[in-house]
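What follows is a set of notes on a single structure, which appears directly below.
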Amino acid sequence: MSEFKVVVTDFNYDTIAPEIEILERIGAEVVSAQCTTEEEVIHAAKDADGIICQYAPISRKVIDQLTNCKVVSRYGIGYDVIDVNAATEKGIMVCNVTDYCIEEVSDHAFALLMASVRKIVEQDKAVRRGVWDYKVTAPIYRLSNQVLGLVGFGNIPQLLAKKAQAFGLKVVAHDPFIPVHAAEQLDVELVDLSTLCELSDFVSVHAPLNKQTKGMVGKEQFKQMKEQAFLINTSRGPVVDEQALVDALRENVISGASLDVLETEPIDLNNPLLEMKNVTLTAHIAWNSKEAELELKSKVAQNVADVLTGYYPTYLVNKKIKGKVLLRDK
């Protein structure tokens, strides 16, 4: 009989073999499901010692029904699908993986920026229609000396700042949790959100999704942006007020948008963004590479293995639980 039961509530990967390999080392049975509702999660994971989740809701209703759970580990950096307060109250550790796709997301954000400034997608479509004319995508402006504004200044945007600066961009950022000296060391100026919107030619969103950040880039922020500004979002769709973005694009308040994330995913085929020539869309793939996927899966499983064998996990979200649940440091 297995010593522990770990339930993977949902995943969109081809395999969970890396997770199983790590968890079997501690004598855990791994049960996989594809839950989408609270009721399905409760049914699958009610008696689990540990849970690994992706998009399935780990809400207060779910947490209240868990009888043995000691740890919930999420695939990804964000953890908005988990009610962290409810988990903390019940002595359940919440984990994520904060460093698995820093290179990939910063690369993707910069690729979207470059596609925007050089109008790559529009040119590609024109050539395929038999139109060989640079004026199709005029005007195009030189990249160097333009301003990139970063909404959020954690690990990913800090790396993006270095890559952008190598191309001659000036970088400003808005993040109330980052010390001024930390930004200055990277030659980045910290400003308030209004100032960022006013200064930036490109606004790249990297804030986590929570109650404070939902819709933080909306109608007022678009009004403050330059007419030639582009919005880039590789964080979470709801951080940007999507209807306000659609209105701003329709009314030429800003020049365009490049989005890897949306309020509703997969995208509704009636979404007006699909019809806009000045919008580039990708399917929430900024995180993806073979290396990043393996790193994510391994670290997600190791979080669970650590807790179940008596250690604090490396990627602990609700750190104040340390005063409530006494484990060993690794």
Side-chain angles (χ1 to χ4, degrees), residues 2-13 16 19-20 22-23 26-98 100 207-214 235-239 263-265 296-297 299-328 330:
S2 300
E3 188 173 353
F4 305 108
K5 178 181 178 181
V6 177
V7 173
V8 182
T9 60
D10 63 308
F11 59 96
N12 61 3
Y13 310 110
I16 57 170
E19 297 92 316
I20 293 172
I22 289 169
L23 290 164
I26 66 164
E29 172 195 11
V30 180
V31 177
S32 65
Q34 290 294 1
C35 306
T36 59
T37 66
E38 293 171 315
E39 289 71 23
E40 289 171 346
V41 175
I42 293 168
H43 178 76
K46 183 179 178 67
D47 60 345
D49 297 287
I51 292 174
I52 294 173
C53 66
Q54 188 170 16
Y55 300 115
I58 312 298
S59 62
R60 181 175 290 275
K61 177 180 177 180
V62 169
I63 290 167
D64 285 344
Q65 296 297 313
L66 302 177
T67 58
N68 297 321
C69 189
K70 301 170 185 64
V71 55
V72 177
S73 186
R74 184 180 181 271
Y75 291 113
I77 296 172
Y79 46 86
D80 46 284
V81 301
I82 305 169
D83 189 323
V84 178
N85 289 333
T88 304
E89 290 169 15
K90 200 160 183 177
I92 296 172
M93 297 198 176
V94 176
C95 309
N96 60 349
V97 182
T98 57
Y100 82 100
L209 177 61
N210 53 46
K211 291 179 181 178
Q212 289 70 42
T213 64
K214 185 176 181 180
S235 60
R236 286 290 185 271
V239 176
E263 283 188 353
T264 301
E265 298 176 6
L296 172 64
K297 293 155 78 65
K299 289 180 175 180
V300 159
Q302 192 61 51
N303 282 333
V304 176
D306 287 344
V307 174
L308 295 184
T309 53
Y311 293 94
Y312 289 117
T314 301
Y315 303 95
L316 180 62
V317 171
N318 51 343
K319 291 179 173 59
K320 64 182 179 182
I321 204 171
K322 283 191 171 184
K324 185 173 183 177
V325 179
L326 299 179
L327 300 178
R328 301 185 296 278
K330 292 176 70 176

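Predicted model only: the values in this text are computed from it and were never measured.
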Do I77 and Y100 come close enough that some side-chain heavy atom pair is under 4.5 Å? yes
D10 side, atom CG; I58 side, atom CD1 - distance, nearest 0.5 Å: 7.5 Å
In this structure, are over 12 heavy atoms from other groups packed under 6.0 Å from Y75 atom OH? yes
Who passes salt bridge (Lys or Arg N to Asp or Glu O under 4.0 Å) against K322, sequence neighbours left out? D329
Search all heavy atoms of G50 against all heavy atoms of V304 and return the closest pair with its distance. CA-CG1, 4.3 Å
I need the I63 CD1 to K90 NZ distance, nearest 0.5 Å. 8.0 Å
My understanding is that only one of I26, L308, I20, I22 makes a side chain to side chain contact (heavy atoms under 4.5 Å, CB included) with V6; could you say which? L308
Is there a donor-acceptor pair under 3.5 Å between the side chain of K324 and the backbone N or O of E89? yes
Going by atom types alone, do Y13 and E19 pair a side-chain donor with an acceptor below 3.5 Å? no
When you measure from the side chain of N318 to the backbone N and O of V94, does any donor-acceptor pair fall under 3.5 Å? yes
Side chains of T213 and N210: is there a donor and an acceptor less than 3.5 Å apart? yes
Qualifying residue, where the test is side chain to side chain contact (heavy atoms under 4.5 Å, CB included) with I51 and the options are L66, I92, V8, V62: L66
Option among V307, V325, L316, D49 that satisfies the side chain to side chain contact (heavy atoms under 4.5 Å, CB included) test with V71: V307
Looking at every heavy atom in both C35 and A44, which two are closest together, and how far apart are they? SG-CB, 3.9 Å
For R74 and Y55, what are the C-alpha separation, side-chain angles and deciding distance, and is it a side chain to side chain contact (heavy atoms under 4.5 Å, CB included)? CA-CA 9 Å; R74 184 180 181 271; Y55 300 115; 3.7 Å; yes
Output yes when a side-chain donor or acceptor of S73 lies under 3.5 Å from a complementary backbone atom of V300, and no otherwise. yes
Measure the shortest side-chain to side-chain distance between T37 and P57 over non-hydrogen atoms and say whether it is less than 4.5 angstrom. no
Full working for side chain to side chain contact (heavy atoms under 4.5 Å, CB included) between T9 and Q54: CA-CA 7 Å; T9 60; Q54 188 170 16; over 6 Å; no
Is the backbone of K214 close enough, under 3.5 Å, to the side chain of R236 for a donor and an acceptor to pair up by distance? no
Please check if atom OH in Y311 has more than 12 non-hydrogen atoms from other residues, nucleotides or ligands closer than 6.0 Å. no
For side chain to side chain contact (heavy atoms under 4.5 Å, CB included), just list the numbers for N68 and K5, CA-CA rounded to whole Å, side-chain angles, deciding distance to a tenth of an Å, and then say yes or no. CA-CA 9 Å; N68 297 321; K5 178 181 178 181; over 6 Å; no
Crowding at NZ, K330 (>12 non-hydrogen neighbours, <6.0 Å): yes
Between L23 and A301, the two heavy atoms sitting closest are CD2-O, 3.7 Å
Can you give me the closest heavy-atom contact between N96 and G76, atom names plus distance? CB-O, 3.3 Å
Any side-chain donor near an acceptor of the partner, D306 and Q302, under 3.5 Å: yes
Side-chain contact, heavy-atom cut-off 4.5 Å: N303 with Y312? no
Do you know the tightest heavy-atom contact between S32 and F11? CB-CE2, 3.8 Å
Is a side-chain donor or acceptor of K46 paired with a backbone partner of T67 at a separation under 3.5 angstrom? no
For S235 and A207, work out which heavy atoms get closest and say how close. CB-O, 3.4 Å
Among E38, E40, Q34, E39, exactly one meets side chain to side chain donor-acceptor pair (under 3.5 Å) together with T36. Which residue is that? E40
